Asker: 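Next up is a structure, given as structure tokens.
Since this is a predicted model, take the numbers as computed values, not measurements.
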Amino acid sequence: MTGFMRDLAGVLHPGRRTDGRPAGGRRRTVFHRGARPAPPRPHNLFEAAACYVAADVEDDEERGAQAAEWVSPEALAFGVHELACRAVLALARERAQSPREVAHDLLGLPLP
């Protein structure tokens, strides 16, 4: 059974030796129980904006608050603004209307 597992490891990880020795003469990585996990990656402002807006639409206050903590308020405002612009442009193309018409329609406003 152990031979099968070694062969499987060789298939899943090309370049890794299956005889128990590391490939290329490198030392094996050793993980200790007390080691700290890698810090979480920072969130992108557009990722935060998308999560924040989606949470607001779905009335998920907890997730919206969490997304708001990922970036500064200024960055979140910029991300929400950019998301709104892109959404209006996408809808305008889909509807074959001008962005102005779509924006007014989404807000329920008459065209001036």
Asker: With Ala68, which residues qualify under side chain to side chain contact (heavy atoms under 4.5 Å, CB included), at least two apart?
Answerer: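 Per chain and number, Ala68 pairs via side chain to side chain contact (heavy atoms under 4.5 Å, CB included) with Tyr52, Leu76.
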
Asker: Does Ala75 have any side chain to side chain contact (heavy atoms under 4.5 Å, CB included) partners at least two apart in sequence or in another chain, and if so, which?
Answerer: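 Side chain to side chain contact (heavy atoms under 4.5 Å, CB included) check on Ala75 returns Leu45, Val71, Ser72.
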
Asker: Which pairs count as salt bridge (Lys or Arg N to Asp or Glu O under 4.0 Å) when at least one residue sits in residues 68-78, sequence neighbours excluded?
Answerer: none

Asker: Looking at Gly79 and Ala49, what are the two nearest heavy atoms and their distance?
Answerer: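 Looks like C-CB, 3.3 Å.
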
Asker: Run the side chain to side chain contact (heavy atoms under 4.5 Å, CB included) test against His104 and tell me which residues pass, sequence neighbours left out.
Answerer: Arg100, Leu109, Leu111, Pro112

Asker: For Ser98 and Ala92, which heavy atoms make the closest approach, and how far apart are they?
Answerer: C-CB, 4.0 Å

Asker: Only pairs at least two apart or in different chains count here, so list each salt bridge (Lys or Arg N to Asp or Glu O under 4.0 Å) that has a residue in residues 49-59.
Answerer: Glu58-Arg63

Asker: Using side-chain hydrogen bond (donor to acceptor under 3.5 Å, both in side chains) as the criterion, list what pairs up with Glu82, not counting sequence neighbours.
Answerer: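 Glu82: side-chain hydrogen bond (donor to acceptor under 3.5 Å, both in side chains) contacts with Arg86.
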
Asker: Using the salt bridge (Lys or Arg N to Asp or Glu O under 4.0 Å) criterion, which residues pair with Glu101? Sequence neighbours excluded.
Answerer: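 Partners of Glu101 under the salt bridge (Lys or Arg N to Asp or Glu O under 4.0 Å) test: none.
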
Asker: Kindly work out whether a path of hydrophobic side-chain contacts (I/L/V/M/F/W/Y, heavy atoms less than 4.5 Å apart) joins Val88 to Leu83.
Answerer: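 No, no single cluster joins them.
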
Asker: Check side chain to side chain contact (heavy atoms under 4.5 Å, CB included) between Leu91 and all other residues, then give those that pass, not counting sequence neighbours.
Answerer: Glu94, Arg95, Val102, Leu106

Asker: According to ring-ring contact (aromatic ring centres under 6.0 Å, His included), does anything in residues 55-94 pair up with another residue at least two apart or in another chain? List the pairs.
Answerer: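 Counting only pairs at least two positions apart or across chains, the ring-ring contact (aromatic ring centres under 6.0 Å, His included) contacts touching residues 55-94 are His43-Trp70.
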
